[in-house]
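First up is the structure itself, then whatever we jot down about it.
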Amino acid sequence: MTTVLLVHEISLWRASLACLLSADRELLVEVTDKGGVREAAEEWSPDIFLTDLDCPDSVEVLAEVESLRCPDSGDGALVVLARGDRPGALRRAFDAGARGYIDKFGTAKGLPEIMRKVAGGGRHIDESLAFGLLQAADVPLSRRELGVLALAAEGESVSSIADALHLTNGTVRNYLAAAIRKTGARNRLDAIRLSKQFGWL
């Protein structure tokens, strides 16, 4: 039995994906939103963490999952639902150690097999996401800079970003300054605009 912890902020998507995956009798699917990740992981010790990079709280979810995974044992592999036109999000997932990349606009066929493959130590990348992953290597911002800028784009304050990512306020300001410099932006809002324009956010 392969245990999948599905982390999704949108209840309808969460229920639909859980129903789809649970149709396979070899998968045990548990669901939660961002706030319940740690508690659910401690209770179920999932083989797979499955999350959607388009969720508003995906930055925090990736950080939480990364802190809970056991990379040495191979437990708790990260699989993400993604889009090929957002190389920045793919970069964040790659840096967080994702081993599975599923095109969220692709076919649902084969999802259970992907879960088992990754849980068994394998990797999976949908062909439609391959070019996006190649582009991710060219994103000039680091994972932390992308994460901080993504939260700033959602209107979060410096202190809220610091709390969400377990950083100090000064460190958040340093990441924002670096993102502004690397994007050639005039200010934080300009950096957000440019990063969205290039698909980094």
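Side chains included, hydrogens not; waters and symmetry mates left out as well; all remaining heavy atoms used.
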Audit row: Trp44, Leu28, side-chain contact (heavy atoms from CB on, under 4.5 Å) steps and yes/no:
CA-CA 10 Å; Trp44 296 101; Leu28 174 62; 4.0 Å; yes
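- Pairs passing the side chain to side chain donor-acceptor pair (under 3.5 Å) check and including a residue from residues 107-119, sequence neighbours excluded, read Asp24-Arg116.
- Taking a 6.0 Å sphere around NZ of Lys104, one finds it holds more than 12 heavy atoms contributed by other residues, nucleotides or ligands.
- By the neighbour-count criterion of 12 heavy atoms within 6.0 Å, atom CD of Glu39 is sparsely surrounded, having that number or fewer from other residues, nucleotides or ligands.
- Looking at residues two or more places apart in sequence or on another chain, you find a side chain to side chain contact (heavy atoms under 4.5 Å, CB included) between Ala150 and Val59, Arg92, Leu201.
- With rounding to the nearest 0.5 angstrom, the CD1 atom of Ile114 is 4.5 Å from the CD1 atom of Ile102.
- Under the 4.5 Å side-chain criterion, counting only non-hydrogen atoms from C-beta, Val79 is not in contact with Val4.
- The salt bridge (Lys or Arg N to Asp or Glu O under 4.0 Å) analysis of residues 168-184, with sequence neighbours excluded, yields the pairs Glu145-Lys182.
- In terms of heavy atoms, Ala164 sits closest to Glu60 at CB-CG, 3.6 Å.
- Side-chain heavy atoms closer than 4.5 Å link hydrophobic residues (I, L, V, M, F, W, Y) into clusters, and following such links, even through other members, never connects Val80 to Val139.
- The hydrophobic cluster containing Leu20 also contains Leu6, counting ILVMFWY residues as joined when their side-chain heavy atoms lie under 4.5 angstrom apart, directly or transitively.
- With hydrophobic clusters built from ILVMFWY side chains whose heavy atoms lie under 4.5 angstrom apart, Val148 does not share a cluster with Val65.
- With contacts defined as side-chain heavy-atom distances shorter than 4.5 Å, the pair Thr51/Leu78 qualifies.
- Heavy-atom neighbours of Glu42 CD from other residues, nucleotides or ligands within 6.0 Å: above the threshold of 12.
- Residue pairs satisfying the ring-ring contact (aromatic ring centres under 6.0 Å, His included) criterion with at least one member in residues 99-155, sequence neighbours excluded, are absent.
- For Phe198, the ring pair (Phe, Tyr, Trp, His ring centres under 6.0 Å) partners are Trp200, not counting sequence neighbours.
- The line from OG of Ser195 to CG of Leu146 is 7.0 Å long, rounded to the nearest 0.5 Å.
- Qualifying side-chain hydrogen bond (donor to acceptor under 3.5 Å, both in side chains) partners for Asn174, counting only residues two or more places apart in sequence or in other chains: none.
- Closest non-hydrogen pair, Val118 versus Gly100, comes out as CG2-CA, 4.3 Å.
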Check against side-chain contact (heavy atoms from CB on, under 4.5 Å), Leu68 and Arg38
CA-CA 7 Å; Leu68 292 168; Arg38 184 167 294 274; 3.2 Å; yes
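- Going from atom CD1 of Ile180 over to atom CG of Leu149 covers 8.0 Å, rounded to the nearest 0.5 Å.
- Checked against salt bridge (Lys or Arg N to Asp or Glu O under 4.0 Å), Arg123 has no partners two or more places apart in sequence or in another chain.
- Here the closest non-hydrogen pair linking Leu53 and Ala89 is CD1-O, 3.5 Å.
- In plain terms, the two heavy atoms of Ala119 and Asp47 that are nearest each other are CB-CB, 4.0 Å.
- For residues 1-19, every residue pair satisfying the side chain to side chain donor-acceptor pair (under 3.5 Å) rule, not counting sequence neighbours, is listed here: His8-Asp52.
- With sequence neighbours left out, Glu43 forms a salt bridge (Lys or Arg N to Asp or Glu O under 4.0 Å) with no residue at all.
- The CD1 atom of Ile10 sits 11.5 Å away from the CG atom of Asp33 when rounded to the nearest 0.5 Å.
- Judged as a salt bridge (Lys or Arg N to Asp or Glu O under 4.0 Å), and not counting sequence neighbours, the contacts of Arg86 are Asp54.
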Listed pairs under 3.5 Å, donor-acceptor, residues 165-172 side chains, sequence neighbours left out:
unit_1, atom_1, unit_2, atom_2, d
Thr168, OG1, Thr171, N, 3.1
Thr168, OG1, Thr171, OG1, 2.8

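- Nearest heavy-atom pair, Phe49 versus Gly76, reported as atom, atom and distance to 0.1 Å: CD1-O, 3.5 Å.
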Please test Ile192 against Thr183 for side-chain contact (heavy atoms from CB on, under 4.5 Å), starting from the C-alpha separation and ending with a verdict.
CA-CA 9 Å; Ile192 291 169; Thr183 55; over 6 Å; no
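- Looking only at side-chain heavy atoms (C-beta outward), Leu62 and Glu66 stay at 4.5 Å or farther from each other.
- Remark: Lys34 NZ to Ser58 OG distance equals 10.5 Å, nearest 0.5 Å.
- Residues satisfying the salt bridge (Lys or Arg N to Asp or Glu O under 4.0 Å) criterion with Arg193, sequence neighbours excluded, are Asp190.
- Remark: the backbone N or O of Glu64 is paired with a side-chain donor or acceptor of Ser67 at under 3.5 angstrom.
- Taking all atoms of both residues into account, the shortest heavy-atom contact from Gly132 to Pro87 is O-CB, 3.7 Å.
- Put simply, CD1 on Ile125 and CG on Asp103 are 12.5 Å apart, with the number rounded to the nearest 0.5 Å.
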For the pair Leu81 and Leu17, evaluate side-chain contact (heavy atoms from CB on, under 4.5 Å) and give the outcome as yes or no after the intermediate values.
CA-CA 11 Å; Leu81 299 168; Leu17 283 166; 3.7 Å; yes
